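Below you'll find the structure, written out as structure tokens, and then a few comments.
Quick caveat, the model's predicted, so the values are computed rather than measured. Positions are given from 1 along the sequence.
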Amino acid sequence: MDQATNITPEMIEAMRPVWHYMGAAIGFGLTVLGAGLGIGKLAAAAAEGVARQPSAAAQITAAANLPLFLLEGATILALVFGLLIVFLK
């Protein structure tokens, strides 16, 4: 038989302390991916708005900054909470 298919209960028990790290890594990846997509869509919409109406560039930039900062703040908080869960486990 193939060695890779013989998973014993001892092997599963040995991997048990690693599962929360794997879950944290998936959570971190999804957090960063979601924030990157959100910031990209926001920046694209702001750039399109400035391209359509250059005279309103200051107002469009000012209106785009608040959601951008809130999105970055939520991402940083999610990453900090994830790190706390990993390190305090």
task = Not counting sequence neighbours, which residues clear salt bridge (Lys or Arg N to Asp or Glu O under 4.0 Å) with E10? List them please.
result = none
Spacing of I76 atom CD1 and L71 atom CG [to the nearest 0.5 Å] = 10.0 Å
inquiry  = Test of understanding: clusters of I, L, V, M, F, W, Y form through side-chain heavy atoms closer than 4.5 Å, transitively. Do L84 and L77 belong to the same one?
reply    = yes
Within one Ile-Leu-Val-Met-Phe-Trp-Tyr cluster: I26 and L79, side-chain cutoff 4.5 Å = no
query = Can you pull the side-chain hydrogen bond (donor to acceptor under 3.5 Å, both in side chains) pairs that have at least one residue in residues 60-75, sequence neighbours excluded?
reply = none
ILVMFWY cluster, L88 and V18 together (side-chain gap under 4.5 Å) = no
message = Would a single hydrophobic cluster contain both L83 and V32, if residues Ile, Leu, Val, Met, Phe, Trp and Tyr are joined by side-chain heavy-atom contacts under 4.5 Å?
response = yes
inquiry  = Quick check: closest heavy atoms across Y21 and V86, and the distance to 0.1 Å?
reply    = CE2-CG1, 3.3 Å
I'd like a table of donor-acceptor pairs (distance under 3.5 Å, sequence neighbours excluded) in which one partner is a side-chain atom from residues 34-55, with atom names and distances.
residue	atom	partner	partner atom	Å
E48	OE2	R52	NE	3.3
E48	OE2	R52	NH2	3.1

